[in-house]
There are 2 protein chains.
Amino acid sequence: MPKISDEHRAEKRQQIIAAMLRCVERDGFHKTTMAAVVEESGLSAGSVYTYFRGKNDIIRAIAESGLTGISAAIQRLIPEKGSDQTAPPPEQAIEAATQHLLDLAEHLGVDLPRIAMQTWAEAARDPEIHAVMAPEARRIRASWRTYAESAIDSGLVRSDADPERIAMVLTGLLPGFILQRIMLGDVTPKVYAAGLADLLSGPGVVR
Amino acid sequence: MPKISDEHRAEKRQQIIAAMLRCVERDGFHKTTMAAVVEESGLSAGSVYTYFRGKNDIIRAIAESGLTGISAAIQRLIPEKGSDQTAPPPEQAIEAATQHLLDLAEHLGVDLPRIAMQTWAEAARDPEIHAVMAPEARRIRASWRTYAESAIDSGLVRSDADPERIAMVLTGLLPGFILQRIMLGDVTPKVYAAGLADLLSGPGVVR
DNA sequence: TCTCAAAGAGAATGAACATTCGTTTTTCAA
DNA sequence: TTGAAAAACGAATGTTCATTCTCTTTGAGA
C-alpha cells in the first residue's frame, strides 16, 4: 500500500507553503489563485488538495509558522537568570532583532516584510487567523519584557521603570522597521539602532 | 440639463468611500464585494459606477486619503522656527501623535488601525497603491525629522545626533502602536508614551 | 510478479463576482 | 409645464476561480 510517510507528507506541505509564499509576496493572499500556487509548486491541483483541505488551510499554515523564531531570537539576547552578564543596551538589542529578521528572510529566500504585512492584514480581519497569530505576538512581547527586566537589573534602565511598558515600545519598533522597509525602503538595522541610541543618550554633552 | 455639481459629486464619492471603509474594516479589500459596497452605501450598482470607474478606483481613493493629516498633526507639535518655545520631549510627542490617531478614528467612526493595516498590505503588493501612499509616508518621516531637529536645538537630545535616524525611530513607533492595538489590544497612548519615557530616562536614580 | 490502495494529474463544474446595459426616474432650463 | 439629458436602478452577462471528480500512475506487500 503506497502510503506516504509523515515525513514525506511534511515535506510536500512545506513545498506547497513555499510556493504560496512566493505568490503572496507578489499578489497578497486573496489575489493569489490556487492555479498560481499549483503552477508554482510544480504539482497538480488534485495533488495540492490531498495535502491541504483548501486555500484557507494553506493560509492558516502560513500564519501559524509566521514569525516563529523571532521571540526565540530575542530570548537569546537576554543573559541567563542569575548570571553576572549584563543585558545589551536597547539599541544593540533592536539591532540584533531586526538583523535577525533580515537574516531569516534571506535564509528562507522570501521577502519577509511583504509577507508579514499580508499576514497582519489577514489577522486584522479574520478572527481565526488572529487566534493563531496572537500567541507568537504575546511571546515576542513577553521576550522583550524579560529583556526589559534584565536591562533594569543590569542598571541600563531606571529601577522604577515598568518592564511591560518598555516591552510595548521595543515590540512596537519591529513592525515600524518592517513598514518603513516597505514604504520608504531606506531603513537598516544599523541606522535604526543608531537612531534609537541617539534618542536614548538624551541631552548628553558631546565628548 | 440636470448635471450634478462638483460639490454633489464629491459628496457622493465620499458616501461610497465611507461605505467601502465599513466593508474593508470587516473583510479587507479583496473580500469585500461590490454588492456589499452597493448595499452599504444605499445606492445601486449602476449609480456607484457613475462615481467610480470600478473597485480599484475606490481602493485608490481610500489609499490616497489614507493617513492624511497625521503628518500635519506632528507638525503642530513643533515650535515655530526661531521661537523661544522648546520642543516637547519625545514621549510627549508620541503620546500626542498616537492620541491624535485615535481621535481621528473616533471622529471618522471607523476602526483606523484595521483599515491602515489593509492599506499597508495593499501598498506592499500593488506598485500603484504604493505610489499614492509613499508621499504621505515621506511627509510623516519629514515631520518627525523637523521635530528631531527642534528637539536637538531645545537640548532634549544630544547635539551630535542625526535627526533623520531619530525620525526613523519615531516614525516606526506609530505602526508598532497600531499593530499592537490589533494583535494584543492593550496599548494606549499613555502607557506607550510612559514606556518610551522609561526607556529614555536611562539609568537615572529614583528620586 | 501481481494487486490494490493511495497519490497524482488535469479537465470539468458550479458558484461568486465585477461590470454593463436597457429601462425608469429625476432634474432643471426654457 | 415640458422635454431632454443625466442619474439611478437592478437584472443580466461573461469571466474568474476554488474545488471536485474521474482517470492514470505508483509502489509496498503478498
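Letters go in sequence order (proteins before strands), and every chain restarts at 1. Values reported hereafter were calculated over all heavy atoms of this structure, with side chains retained and with hydrogens, waters and symmetry mates removed.
What separates NE2 of A:His8 from P of C:dG8 is a distance of 6 Å, to the nearest Å. In this structure, CG of A:Leu43 is placed 16 Å from P of D:dA18, rounded to the nearest angstrom. For B:Lys31 and D:dT16, the NZ to C1' distance is 14 Å, given to the nearest whole Å. In this structure, A:Asp27 places its CG atom 14 Å from C1' of D:dT16, rounding to the nearest Å. Rounded to a whole Å, the NE2 atom of A:His30 is 15 Å from the C1' atom of C:dA16. Atom-to-atom, CD1 of B:Ile16 to P of C:dA18 comes out at 15 Å; the value is rounded to the nearest Å.
Of the candidates D:dG10, C:dG8, C:dT19, C:dT19 carries the atom nearest the B:Met34 side chain, counting heavy atoms from C-beta on. Listed candidates were C:dG8, D:dG10, D:dC17. Nearest to the side chain of A:Thr33 is D:dC17. Looking at the side chain of B:Ala45, the nearest of the listed nucleotides D:dG10, C:dG8, D:dA8 is D:dG10.
Not one side-chain nitrogen or oxygen of A:Ser44 sits closer than 4.0 Å to the OP1 or OP2 atom of C:dG8.
At a threshold of 4.0 angstrom between heavy atoms, the contacts of A:Lys12 are confined to the sugar-phosphate backbone, with no base atom among them.
Proximity of B:Trp120 to A:Ile178: side-chain heavy atoms (C-beta onward) are nowhere separated by under 4.5 Å. You'll find the side chain of B:Met34 reaches within 4.5 Å of the side chain of B:Ile58, heavy atoms only. Annotation: side chain of A:Pro90 is in contact with side chain of A:Tyr147 (closest heavy-atom distance under 4.5 Å). When side chains are defined from C-beta on, B:Arg158 does not count as touching B:Ile152, because their heavy atoms never get closer than 4.5 Å. Considering only heavy atoms from C-beta on, A:Arg145 comes within 4.5 Å of A:Glu149 through its side chain. Here the side chains of A:Ile62 and A:Phe29 are in contact, with some heavy-atom distance below 4.5 Å.
Of all the residues in residues 49-64 of chain A, A:Thr50, A:Tyr51 reach under 4.0 Å from DNA chain C with at least one non-hydrogen atom.
Side chain of B:Ser150 to backbone of B:Thr146: no donor-acceptor contact under 3.5 angstrom is found.
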